[in-house]
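This report refers to the structure that appears directly beneath it.
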2 protein chains.
Amino acid sequence: MNAPPDRPRRATIFDVAAAANVSRGTVSRVLNGEPYVSEAAREAIEAAIAKVGYVRNMAARNLATQRTRAIGLVIHEPHQVFLEDPNIGAILLGTNERLSEEDYQLVCLIIGSDRDSNRVAEYLRGGFVDGVIVVSARENDPISNAVAQIGLPTVFVGHPSSLTDINFVGIDNRTAAREITQRLLGTGRQQVGMIAAALDRDSGAERLQGFQDALGDRFDPDLVVDFPLYSRSSGVLGMHELLSRAPGIDGVFAGNDAIAAGALDVLKESGRSVPLNVGVVGFDDSDWAMRCTPRLSTVRQPADLLGREAASSLLDLINGVPRAAHGTILATQIMWRGSA
Amino acid sequence: MNAPPDRPRRATIFDVAAAANVSRGTVSRVLNGEPYVSEAAREAIEAAIAKVGYVRNMAARNLATQRTRAIGLVIHEPHQVFLEDPNIGAILLGTNERLSEEDYQLVCLIIGSDRDSNRVAEYLRGGFVDGVIVVSARENDPISNAVAQIGLPTVFVGHPSSLTDINFVGIDNRTAAREITQRLLGTGRQQVGMIAAALDRDSGAERLQGFQDALGDRFDPDLVVDFPLYSRSSGVLGMHELLSRAPGIDGVFAGNDAIAAGALDVLKESGRSVPLNVGVVGFDDSDWAMRCTPRLSTVRQPADLLGREAASSLLDLINGVPRAAHGTILATQIMWRGSA
DNA sequence: TCGTGTTCTGGGAGCGTTCACAGAATAGGT
DNA sequence: ACCTATTCTGTGAACGCTCCCAGAACACGA
């Protein structure tokens, strides 16, 4: 252990009290905007605060109040997924915005390894935050289970089906996937496949299910390939594979837009026209969608709202506000463009 | 104010001490892995911890030790920049990785509004963290100034030139920009322009300077356009503007890869061939670079190393380890591909 | 003048740790 | 047997705040 750096001792509430000639009780009252403080005292204290350069010591405050007004947001990030997933960023921003309105501080915790996982669990348990939001959880994720056991108010964004009786917000991936697949079928496609990804996450598995729902009897497992990552290269590999299995394929549902973009490129390379020969649809309506030629038909999910909603339910949970349901499903929207 | 939720009282170190029939001093010693604890006591305490379900209260610990083993990482995020900037994610991951090695917890703080700015400053001052890393700071950013005044050990990733005497890690944007522009000129281009962006950040301004350095007398301010954001649409607008100002333009240095991608599309639309008629170079070597046709010549910056290095210097700062310089510049690398 | 509120203030107790110090137990050498 | 190290343990005193209670100060009507 190294010696702590010897920064000059910070002013405490006592120093302020002394400088203002009042007691620390009165100072505390001013600090917290409580009533029953005379105008004279308030002014003297405010002057004293400025004079001695006082700032609250949060650790002490947390210890005394048993709350922190901070919310943890756990990002489980195997490899580099989150860098590629456009939703995470929007969820983050939405959450931050909502919490900010209530003067809560959002702190993001990134998990990249098992070691991180333990440390984060420790951090959450340790009383650094009043509640937790978990995004992009995977099935049987150690951290999800740990978080669920901590007893802290928790909201999941996306619903890991391995956990029951949790609070969550999410979209109905299955229905959305079914609907866009149906729409693709509606354009008269005969042989439709899927490039799935991240089947270990709720989003991945549910999208595959929706696809299957849409096809019903016509579902052919040979026309489904799956990859661990939602990435463009998954799309490239997947499309090659599908083409070799079924050269006559005329429709593809990609697990997300990045995958669709990869698939699109491969189709073009192979001399096929999109949407004439093959129709392609994606998921997410990320910036990939508008960048493809032709533009991608896809499902828009309200990622920022997801974040806001997660924050709102967590705040309710923390404040003991009763809620009808403990799960919220937000509506998605099909963006129908040129690729199908 | 709402009533605090009435979770059952958590076990404290006293409970453990009682259950193990020792004093809290001994428990504390076990908790912190200190020597001078008998084997019998250690075992009894470990059993007691498990039995009563004890977890450390960090607020109390922080109060007593005056340190938290947590590091704040401030992301100033006007609009949606950080979602588009591929470097931020890599910096985050690199930082997290390095801190994780030393068992420090990284907490990310997002600033999206002035309100956030104040709250984050309060949070940092409040003793929640032992040090701060600031990324993507802009010139005269309120938060940068605030952070610099808090007196907490701080490292900037990127060097806001409005602040002197700070610790930072970064790349030499100016030199890198000069070099890649020179290389572009080396392919025989006569009329070379630049689509700059984010001139209010060190990266933006320095890249423009480097461009100017490379051109020397041949620098023509009319061939420079600039936009607030590093985005594809900036590239589209910028390229249109440049083409209208100088239809004979045969070289473009884009402020980053997203911009270059936009420019590329516009050039193709206008019937020009890249690299035959016009050479284009970018910056960042993000995933855009490999996705363009032709592939983008660009500058690779070691974003993850930037993060690791920032973490390392911050740790040194915190532990009072002397450092030769208080700034670190990491090497960039030109990735020369088909677009020029 | 006295009560009776109401507004304001001070200070003790407590939040759950760590730290420093004193003292107990043990081991090892004469 | 004693002395001296060494290992181990318990306890009081912080750390800096909030909460709560008791009481002071003040206002106002009877």
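Reminder, nothing fancy here: chain letters follow the sequence lines and each chain counts from 1.
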Quick one: do the B:Arg115 and A:Ser100 side chains pair a donor with an acceptor below 3.5 Å?
no

Taken to the nearest whole Å, CG/B:Asn62 to P/D:dG16 is 13 Å

B:Phe128 atom CZ is separated from D:dC15 atom P, nearest whole Å, by 20 Å

For DNA chain D, what residues of residues 22-42 of chain A have any heavy atom nearer than 4.0 Å?
A:Arg24, A:Ser28, A:Arg29, A:Asn32, A:Glu34

Any donor-acceptor pair under 3.5 Å linking the side chain of A:Asp130 with the backbone of A:Arg69?
yes

Under 4.0 Å between a side-chain N/O of B:Gln66 and OP1 or OP2 of D:dA14, yes or no?
no

Check the angle between the aromatic planes of B:Phe168 and B:His326 and answer parallel, tilted or perpendicular using the 30° and 60° thresholds.
tilted

Quick one: closest heavy-atom pair of B:Leu106 and B:Leu92, and the distance?
CD2-O, 4.0 Å

Check: B:Asn57/A:Arg125 side-chain N/O donor and acceptor closer than 3.5 Å
no

Shortest side-chain distance from B:Arg61, nucleotide among C:dG16, C:dT18, D:dG16:
C:dT18

Examine distances only and state if a side-chain atom of A:Thr26 and a backbone atom of A:Val22 form a donor-acceptor pair shorter than 3.5 Å.
no

Between D:dC17, C:dC19, C:dT17, which nucleotide has the shortest distance from any of its atoms to the side chain of B:Thr65?
C:dC19

